[in-house]
Amino acid sequence: MLELVIQWLESHLQPCVYKQMLGFECLGCGFQRALIALLKGNIWESMVLYPGLIPMIALFGFLIIHLIFNFKNGALILRYLFIADITIIIINYIIKIIH
Amino acid sequence: MEEQNTENQNTQGQTPAGGEKQMLPNSTAVLVLGIVSIVGVLCTQGILGVILGIIGLVLASTPMRLMKENPERYTESSMKNLKAGRICSIIGVSLGGAFLLLAFLLLLLGLGGFFAILPFLDNFNNFNVDMISLLPF
């Protein structure tokens with residue numbers, strides 16, 4: 001089942017409009033490759049390709065858990081996870097563009 | 001009309017005798033939209049992120065007003081959800097908007113092959129200065 005999902009994802013990679021038209025990568029470039037690497041089990045490869053992916057999965061997992069159980073400080077934790085994730089993505093993007 | 005509206009809200013806004021608190025309307029939806037907007041920014045080059053974020057902000061406006069009028073009437077968790085969702089929406093909109101603006105400016109500068117795609121704008125190809133090589137990175 002998982003292999004089928006990976007195969008489908010690999011054959012349906014969506015090209016980046018920015019990269020095609022403007023010649024440089026966008027904020028989300030590497031996201032799909034990192035997701036496929038993570039599904040294959042290569043956590044390190046996924047972190048190298050796109051460090052923001054794993055915090056984002058944690059963010060969504062926590063969002064679903066928070067919506068079900070309604071933690072006391074859940075919204076606060078979600079907010080800080082969100083800001084941390086955005087910071088990771090932007091720093092990674094700047095590093096990627098400079099190199 | 002407005003006075004009537006505010007009167008209605010005030011009469012509704014009084015805390016019921018039992019002291020039972022309500023959920024703010026839309027607070028969960030705003031939280032979800034705010035957090036999903038970041039995926040929109042990443043996966044669709046900003047467009048979907050801006051749309052979702054703006055929907056989140058619009059949905060958040062009414063409950064924000066209700067919350068300011070009488071905060072003691074609503075549950076604390078829904079207020080926190082609303083605030084967090086609003087902040088996430090604002091970040092999503094600003095990030096996606098900044099990126100879209102950057103792309104638009106670069107297109108206006110005649111960068112990239114965008115104008116070459118449009119057949120009726122052949123003259124624009126003369127303005128295709130390779131700005132990428134001028135950028136410091």
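Note that the CG atom of A:N70 and the OG1 atom of B:T75 stand 7.5 Å from one another [nearest 0.5 Å]. Rounding to the nearest 0.5 angstrom, the gap separating the CG atom in A:L63 from the CD1 atom in B:I35 is 4.5 Å. Here the straight-line distance linking atom CG of B:L95 with atom CD1 of A:I86 works out to 5.5 Å at 0.5 Å rounding. Rounding to the nearest 0.5 Å places OG of B:S77 at 11.0 Å from NZ of A:K72. Note that CG of A:L67 is 6.0 Å distant from OG1 of B:T28, once rounded to the nearest 0.5 Å.
The hydrophobic cluster containing B:M23 does not contain B:V32, counting ILVMFWY residues as joined when their side-chain heavy atoms lie under 4.5 angstrom apart, directly or transitively. Hydrophobic clustering (side-chain heavy atoms under 4.5 Å, transitive across Ile, Leu, Val, Met, Phe, Trp, Tyr) keeps A:F71 apart from A:Y80. Under a hydrophobic clustering in which Ile, Leu, Val, Met, Phe, Trp and Tyr are joined whenever their side-chain heavy atoms come within less than 4.5 Å, directly or via other members, A:I88 and A:F62 fall into different clusters.
Heavy atoms of A:L81 lying under 4.5 Å from chain B are absent altogether. Only the side chain of B:I87 comes within contact range of chain A, judged by heavy atoms closer than 4.5 Å. With a 4.5 Å cut-off on non-hydrogen atoms, B:V36 touches chain A through its backbone and its side chain both. Contacts of A:I89 with chain B are made by side-chain atoms alone, with heavy-atom separations under 4.5 Å and no backbone atom involved.
In terms of heavy atoms, B:G34 sits closest to A:F82 at O-CE1, 3.7 Å. Closest approach of A:R79 and B:A84 over heavy atoms only: NE-CA, 4.0 Å.
Side-chain contact between A:F60 and B:V39: present, with at least one pair of heavy atoms (C-beta onward) separated by less than 4.5 Å. Considering only heavy atoms from C-beta on, A:L78 stays 4.5 Å or farther from B:N81 through its side chain.
Taking a 6.0 Å sphere around CE of A:M47, one finds it holds 12 or fewer heavy atoms contributed by other residues, nucleotides or ligands. For B:K80, the NZ atom is densely surrounded, since the number of other residues' heavy atoms within 6.0 Å is greater than 12. By the 6.0 Å contact criterion, CD on B:E76 is open, its count of non-hydrogen atoms from other residues, nucleotides or ligands being 12 or less.
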